[in-house]
Undergrad: 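One structure, pasted below without further comment.
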Amino acid sequence: MTATPQTDLVSLTIDGVPVEVPKDTLLIRAAEEIGIQIPRFCDHPGLDPIGACRQCLVEVAMPDREGNVRPMPKPQASCTMTVAPGMVVNTQLTSPVADKAQQGVMELLLVNHPLDCPVCDKGGECPLQNQAMSNGRATSRFVDIKRTYPKPINISSQVLLDRERCILCARCTRFSEQVAGDPFIALVERGALQQVGIYEEQPFESYFSGNTVQICPVGALTGAAYRFRSRPFDLVSTPGTCEHCASGCSLRTDHRRGTVLRRMALLDPEVNSEWNCDKGRWAFTYASTGDRFEFPMVRGEDGELQVVTWREALEHAAKGLAAAGSHGVLTGGRITLEDGWAYRAFAEEVLGTANVDFRARPSTAEEADFLARHVVGTTPDTGVSYSDLDHAGSVVLVGLEPEEESPILFLRLRHAYRKAKTAVYGVAPLTTRGLDKLGGHLVPSAPGTETEVLQALAADLTDGDDVSAGFTAAHAALREDGAFLLVGERLATTPGALSAAVDLAAATGARLAWVPRRAGERGALEAGLLPAADALDTAGMIEAAADGRLDALVVGGVDALDLGLHRANEAFQRAFVVSLEVRPSSVTAHADVVLPVAPHAEKSGTFLDWEGRERPFEAALDTHAVSDYRALDMLADEMGVFLGARALREVRAELTERGPLAPRTGEALALAAAEVPEPGPGEFVLATWRHLLDRGSLQDGEPFLAGTAPMPRAWISPASAAALGIVPGDLVTVSGDGVRVTAPVHIAEMVDRVVWLPTNSESCDLRSVAGRAGAIVSVTKGGAA
């Protein structure tokens, strides 16, 4: 418990034991401080008290004005009552009254609850089951017919409801409303008919719906993917870290007979509390879709990949790399910190090249310089942390949509908004659902104009400035104590924007942090997978390989389509490519050698979250699959170089000995703001970013999760809609630079002459143009011809 000044402590007695706890502490928490567990169902430390189940009744006595301790007339709910000086509390351990009250409540809860524990998914880890044994009656007096309902009810494609099991604790409804900001399920009716219901016009399409399944104290809510798959006591559990984004969530992987069956959020107060997003919870089937690489492959004379032995594959790869006169190393966002060190060591010590880059996405030299100067080496102690944001006065988001790109960061910001009244501002073209749930204010900015907006925020306002209310509020908030500026990786696509963010932080005193989207990016940065000033970055390597100036590429976990570079396929076709990969991709389609590596569940390693916090994890499944660092070590050995990456402990020892990278010094690289083209008649500026749930390959094999992915919609302003003669529900076709997408239109208040679409959702792939801020597209009414 956090240390509290002595003047804030309250003294009371619980079961005859003197206790001192901070004021406003709930009785149920005070009892926990001395090891007394009061039974409860509705109580949850991450949710506001409600006193719905009444299972935590205790006997309470309070001193009157004369100091005489007098008992209250009836038992009180310990989950809603706070401590008071001189209070005397007797729990079920010392009070027959409290014990009888708890037994009575339990008896009522079981009146209509089905006794089907052997077939219930919650059986074996059920608080109701456990507390019925520890705090309930030995026999039941109920002899009538129990209430039943049709079941299950699909609250969403992922979450199923068995209504007769519900004990009306309201955990699910409170989580949805308070934590996620998605009030799509509620308690309906009253009295004996009261049950969980859904709003028919608002389907439960929350990114965080799986948490309601985990915190349900009975088997009322279940996940479709795990339902009836296994008993809890048949599972082997392994703590770990999520691989899907840079939030760094702690989770638990449960497997049975070598197959992962479910993942659960683990309690980690410093990072994800005990929540996670649905992608982290359910998107783990990509490694078992049937197309995984199990053996090394070499492209034969017929142009097809052929299965070979590891020795043959390593020999072929070593011969091709040795014959090449120039090399490059590209890695994606799935690699661990240890893998990143091995890729860098392989590039420097084996290939003799500084052409390395982890950014398998649109990027610039300005971003590389920004990362090397302002992000490398920062930790939660030296930079911005989750706990800092919990008490932030204001947060300005630029090039970052937390709910879509870093879900736990979104939940922490929402907690700060609810509890600390943190003001959130988004520099963006529209107010998204996530910004709205943060009580956020929009600082209007068309794609490509972020540099000018940031420069204006750094300058002094004058009476004649024509700015929005959101801009004025953000301008003032940045100059107050507790201001934070969070920038996302998308900001790199706007020339000068990252430099403008640095200048804005320096001018206002706001604390600056960078939030990438992929889990492995921060670790790769610290491992040194960033090109030096005179070396080739991702775009440079692709261009050089396509022109024949770069002979060979070592590629780990990269999708060519994500690069947003028109010549990527040409580059991979022309160069000698060694691909370290889990499943077929747009790179392995052209690779000369494919070395199979372990997916997340079958490897150990460390991610760094966006704070720079280490997030180690162990392999959940014990297989023969090798991590990237081990494959690179074998390849280096084949080329006559000892890499020292045979085992995880060796790599970690090298990382410790080498120490953190030193930030760059000297004159910073700053790009001038680019002139954004003015859209002509029928033309719009394209705004785009990824939905959390989209067509990403790490979501393959999970149909239930795919059912909750948002469908693509084209967002435009009312003025733009009027100019095109469009009304809500109409179809529009967005086309430009070889891309053509048709989607229903959604009209909302946003920047005029801007159209927003998701980057890579069903029937909407904009990756080839997503890397150019201010890209011009045409928008026409109706479907594609």
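We're numbering straight along the sequence, starting at 1.
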Undergrad: If you compare all heavy atoms of I747 against all heavy atoms of A721, which two are closest, and at what distance to 0.1 Å?
TA: CD1-CB, 3.5 Å
Undergrad: Under 3.5 Å, is there a donor-acceptor pair between the side chain of T688 and the main chain of T759?
TA: yes
Undergrad: Would Q699 and D694 count as having a side-chain donor-acceptor pair, cut-off 3.5 Å?
TA: yes
Undergrad: For R517, does its backbone N or O pair with a side-chain atom of E489 as donor and acceptor, under 3.5 Å?
TA: yes
Undergrad: For A709, does its backbone N or O pair with a side-chain atom of H691 as donor and acceptor, under 3.5 Å?
TA: no
Undergrad: Roughly how far, to the nearest 0.5 Å, is CZ of R518 from CZ of R359?
TA: 12.0 Å
Undergrad: Cut-off 3.5 Å, side chains only: do D559 and S585 have a donor facing an acceptor?
TA: no
Undergrad: Does any part of the side chain of L608, heavy atoms only, come nearer than 4.5 Å to the side chain of R615, both counted from C-beta?
TA: no
Undergrad: What do the steps show when you test V755 against V685 for side-chain contact (heavy atoms from CB on, under 4.5 Å), and what is the final call?
TA: CA-CA 6 Å; V755 59; V685 178; over 6 Å; no
Undergrad: Rounded to the nearest 0.5 Å, what separation is found between the SG atom of C249 and the CG atom of N276?
TA: 6.0 Å
Undergrad: When you measure from the side chain of Y386 to the backbone of S247, do you find a donor-acceptor pair of N or O atoms at a distance under 3.5 Å?
TA: yes
Undergrad: Tell me which one of D390, T422, D388 satisfies side-chain hydrogen bond (donor to acceptor under 3.5 Å, both in side chains) with R412.
TA: D390
Undergrad: For A560 and F572, which heavy atoms make the closest approach, and how far apart are they?
TA: CB-CE1, 3.6 Å
Undergrad: Tell me if the CD atom of E749 is crowded by more than 12 foreign heavy atoms within 6.0 Å.
TA: no
Undergrad: If we only count heavy atoms from C-beta on, is the L692 to C277 side-chain gap below 4.5 Å?
TA: yes
Undergrad: Is the shortest side-chain heavy-atom distance between V375 and L525 below 4.5 Å?
TA: yes
Undergrad: Minimum heavy-atom separation for A180 to L411, with atom names?
TA: CA-CD2, 4.1 Å
Undergrad: Apply the test side-chain contact (heavy atoms from CB on, under 4.5 Å) to residues L724 and V732: give CA-CA distance (whole Å), side-chain angles for both, the deciding distance (0.1 Å), then the verdict.
TA: CA-CA 10 Å; L724 295 174; V732 295; 5.6 Å; no
Undergrad: Which heavy-atom pair separates V558 from T331 by the least distance, and what is that distance?
TA: CG2-C, 3.6 Å
Undergrad: I'd like to know if the side chain of R479 and the backbone of H475 have a donor-acceptor N/O pair within less than 3.5 Å.
TA: yes
Undergrad: Knowing that exactly one of E404, E403, K279 qualifies, which makes a side-chain hydrogen bond (donor to acceptor under 3.5 Å, both in side chains) with Y207?
TA: E404
Undergrad: Nearest 0.5 Å please: distance from the OG atom of S406 over to the CH2 atom of W610.
TA: 7.5 Å
Undergrad: Given N760 and L766, is the side-chain contact (heavy atoms from CB on, under 4.5 Å) satisfied, shown in steps?
TA: CA-CA 6 Å; N760 186 30; L766 303 177; over 6 Å; no
Undergrad: For the backbone of G448 and the side chain of E450, can you confirm whether one donor and one acceptor N or O come within less than 3.5 Å of each other?
TA: yes
Undergrad: Which atoms form the tightest heavy-atom contact between L536 and A544, and what is the distance?
TA: CD1-CB, 4.0 Å
Undergrad: For the side chain of K437 and the backbone of D182, is there at least one donor-acceptor N/O pair under 3.5 Å apart?
TA: no
Undergrad: In Å and rounded to the nearest 0.5 Å, what is the CG to OG1 distance from L442 to T431?
TA: 4.0 Å
Undergrad: When you check the side-chain N and O atoms of T382 and T378, is any donor under 3.5 Å from an acceptor?
TA: no
Undergrad: Tell me every residue that passes ring pair (Phe, Tyr, Trp, His ring centres under 6.0 Å) with F358, counting only those two or more places apart in sequence or in another chain.
TA: none
Undergrad: May I ask you to decide if Y286's main-chain N or O and D700's side chain share a donor-acceptor pair within less than 3.5 Å?
TA: no
Undergrad: Might you confirm whether atom NE2 of H415 has over 12 heavy atoms from other residues, nucleotides or ligands at distances under 6.0 Å?
TA: no
Undergrad: List the steps and the verdict of side-chain contact (heavy atoms from CB on, under 4.5 Å) for L400 and V487.
TA: CA-CA 6 Å; L400 174 65; V487 299; over 6 Å; no
Undergrad: Rounded at 0.5 Å granularity, tell me how far CG in D339 sits from CZ in R344.
TA: 15.5 Å
Undergrad: Answer with yes or no whether the side chains of T451 and T494 bring together a donor and an acceptor at under 3.5 Å.
TA: no
Undergrad: Flag the pair V384 / E611 as yes when at least one side-chain heavy-atom distance between them is below 4.5 Å, and no otherwise.
TA: no
Undergrad: Just by distance, with hydrogens left out, do S387 and S385 show a side-chain donor and acceptor under 3.5 Å apart?
TA: yes
Undergrad: Are F410 and W275 an aromatic pair, judged by ring center distance below 6.0 Å?
TA: no
Undergrad: With respect to D562, which candidate in R767, R361, R695 satisfies the salt bridge (charged side-chain N to carboxylate O under 4.0 Å, His left out) definition?
TA: R767
Undergrad: Give me the atom names and distance for the closest heavy-atom approach of W689 to P429.
TA: CZ3-CD, 4.4 Å
Undergrad: Using side-chain heavy atoms (C-beta onward) and a distance below 4.5 Å, is E401 in contact with R490?
TA: yes
Undergrad: Between T336 and T606, is there a side-chain heavy-atom distance shorter than 4.5 Å?
TA: no
Undergrad: Between T538 and S363, do the side chains contain an N or O donor and an N or O acceptor separated by less than 3.5 Å?
TA: no
Undergrad: Let's go through D609 and R522 carefully: what are the C-alpha distance in whole Å and the side-chain angles of both, what is the deciding distance for salt bridge (Lys or Arg N to Asp or Glu O under 4.0 Å) to 0.1 Å, and is it a yes or a no?
TA: CA-CA 7 Å; D609 68 6; R522 185 59 199 275; over 6 Å; no
Undergrad: Can you tell me how far CG of L330 sits from CD1 of I542, rounded to the nearest 0.5 angstrom?
TA: 5.5 Å
Undergrad: Measure from the side-chain N and O atoms of E683 to the backbone N and O of G680, and report whether any donor-acceptor pair falls under 3.5 Å.
TA: yes
Undergrad: What verdict does the salt bridge (Lys or Arg N to Asp or Glu O under 4.0 Å) test give for D547 and R567, after you've listed the backbone C-alpha separation in whole Å, the side-chain angles of each residue and the deciding distance to 0.1 Å?
TA: CA-CA 9 Å; D547 290 340; R567 305 190 69 187; 2.6 Å; yes
Undergrad: For atom CD of E614, is the number of surrounding heavy atoms from other residues, nucleotides or ligands below 6.0 Å larger than 12?
TA: no
Undergrad: Checking R334 against F607: charged group under 6.0 Å from the ring centre and within 45 degrees of the axis?
TA: no
Undergrad: Tell me, do S394 and F484 make a side-chain contact under 4.5 Å, heavy atoms counted?
TA: no
Undergrad: Any donor-acceptor pair under 3.5 Å linking the side chain of S761 with the backbone of C764?
TA: no
Undergrad: Would you tell me whether N355 and T353 have side-chain atoms, one donor and one acceptor, within less than 3.5 Å of each other?
TA: yes
Undergrad: For the residue pair L563 and P362, establish whether any side-chain heavy-atom pair is separated by less than 4.5 Å.
TA: no
Undergrad: I need the full list of ring pair (Phe, Tyr, Trp, His ring centres under 6.0 Å) pairs touching residues 423-448, with sequence neighbours left out, sorted by first then second residue.
TA: Y425-H441
